[in-house]
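Here is the structure we will look at, set down as structure tokens.
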Amino acid sequence: MQPKKKTALALRRMKATHERIAMMTAYDAAFARALDDAGIDALLVGDSVGMAVRGESDTLSVTVEEMAYHCRMVRRAVRYAHVVCDMPFMSYQVSAEEAVRNAGLLVSKGGAESVKLEGGAEYADEIARIVRAGIPVMGHIGLTPQSVNLLGGYGVQGRDKATADKLLSDARALEAAGCYALVLEMVPRELAARVTASVSIPTIGIGAGVNCDGQVLVCYDALGMNPDFTPRFLKRFADLHGQIGQAVRAYTVEVKSGTFPDDAHSFAETPVKLAAPVYSNAIQGK
Ligand code: KIV
């Protein structure tokens, strides 16, 4: 049976049916197509694009226009996954009016199907206003990378009672404000389990243990594009950096030795019918 396009409502319902949500980031059409074809539930066009794609040390320089640009590429390629777009730094912090306007731009220009923003109860008004405008909102608490300068780094959050209690009350406030799901980033797994049990919307963890209702990873990290990034929470499900290296070395050898392109990969004056091209042994890993 053909899978159905996932909506924010469908993701929300997955908590009730005890089906875990698999989400990954994507920033362009090629990756989005591959992840969507593999059956991912949701794609997050994260402001992590600043670090993962542009090589910045934080997410703070990413703009609404850039997010819309990346989101549009992802949306074009996707058939089934739900497409969530991050609201970047300073696109919702100044006023509820600006928050609604910028969320609207991510939908109208970027093709986002929902937006995500970082922060707790202090953003309840902005969230409620965006939802009232007809745009589903995913919350994001725990480590909130846009506040890196306030937090002093990218460490685990909620290890003491005061911050753990705040996280729990923030989760409830975001649900009350109208969020359909919640990212929990870098919190102890026991606290993530308590948060998950205390709200009726799904929690999607990154560095938050197995007791969340779903998981999200940055695609380049999960697929092994970034060999220098080795945080404890990250599991690599592929070694794309290694595989690309192997393929490019094989290509370079064939170019330099003059074995590529051979007759099968070039054109004669008189067309001949050839068998479909095959990938080289190097790419097939033989
Ligand atoms: O921007 C991002 O990639 C994120 C995830 C880490 C949740 O917000």
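Remember, it's a predicted structure, so these values are computed and weren't measured experimentally. Counting convention: from 1, in listed order, for ligands and their atoms alike.
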Checking side-chain polar atoms at under 3.5 Å, does [X] have a donor or acceptor matched by the opposite partner on [Y]?
{"X": "R236", "Y": "T230", "answer": "no"}
{"X": "Y220", "Y": "T25", "answer": "no"}
{"X": "Y92", "Y": "Q146", "answer": "yes"}

Given R12 and E19, is the salt bridge (charged side-chain N to carboxylate O under 4.0 Å, His left out) satisfied, shown in steps?
CA-CA 10 Å; R12 184 182 175 146; E19 190 188 342; over 6 Å; no

Using a strict cut-off of less than 4.0 Å between a Lys/Arg side-chain nitrogen and an Asp/Glu carboxylate oxygen, indicate whether R129 and E98 qualify as a salt bridge.
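E98 and R129: not salt-bridged.
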
Between the side chains of E113 and R75, is the shortest nitrogen-to-carboxylate-oxygen separation below 4.0 Å, so that they form an ion pair?
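Judged by the 4.0 Å cut-off on N to carboxylate O distance, R75 and E113 do form a salt bridge.
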
Could you work out, for atom 3 (O) of ligand 1, the closest of S48, G46, A52, P88 by heavy-atom distance?
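Selected option, by shortest heavy-atom distance: S48.
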
Sub-4.0 Å atoms of ligand 1 with respect to non-hydrogen atoms of T25:
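Result: 3 (O).
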
Below 4.0 angstrom from a heavy atom of L44, which ligand 1 atoms are there? Numbered from 1 as shown, please.
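Reading through ligand 1 atom by atom, the close ones are 2 (C), 4 (C), 5 (C), 7 (C), 8 (O).
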
Can an N or O of [X] be found at a distance shorter than 3.5 Å from an N or O of ligand 1?
{"X": "K116", "answer": "yes"}
{"X": "E185", "answer": "no"}
{"X": "D86", "answer": "yes"}

Is D47 touching ligand 1 with its side chain, its backbone, both, or neither, if touching means heavy atoms under 4.0 Å apart?
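Both backbone and side chain.
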
Quick check on H140 - does any of its heavy atoms sit under 4.0 Å from an atom of ligand 1?
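Contact present.
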
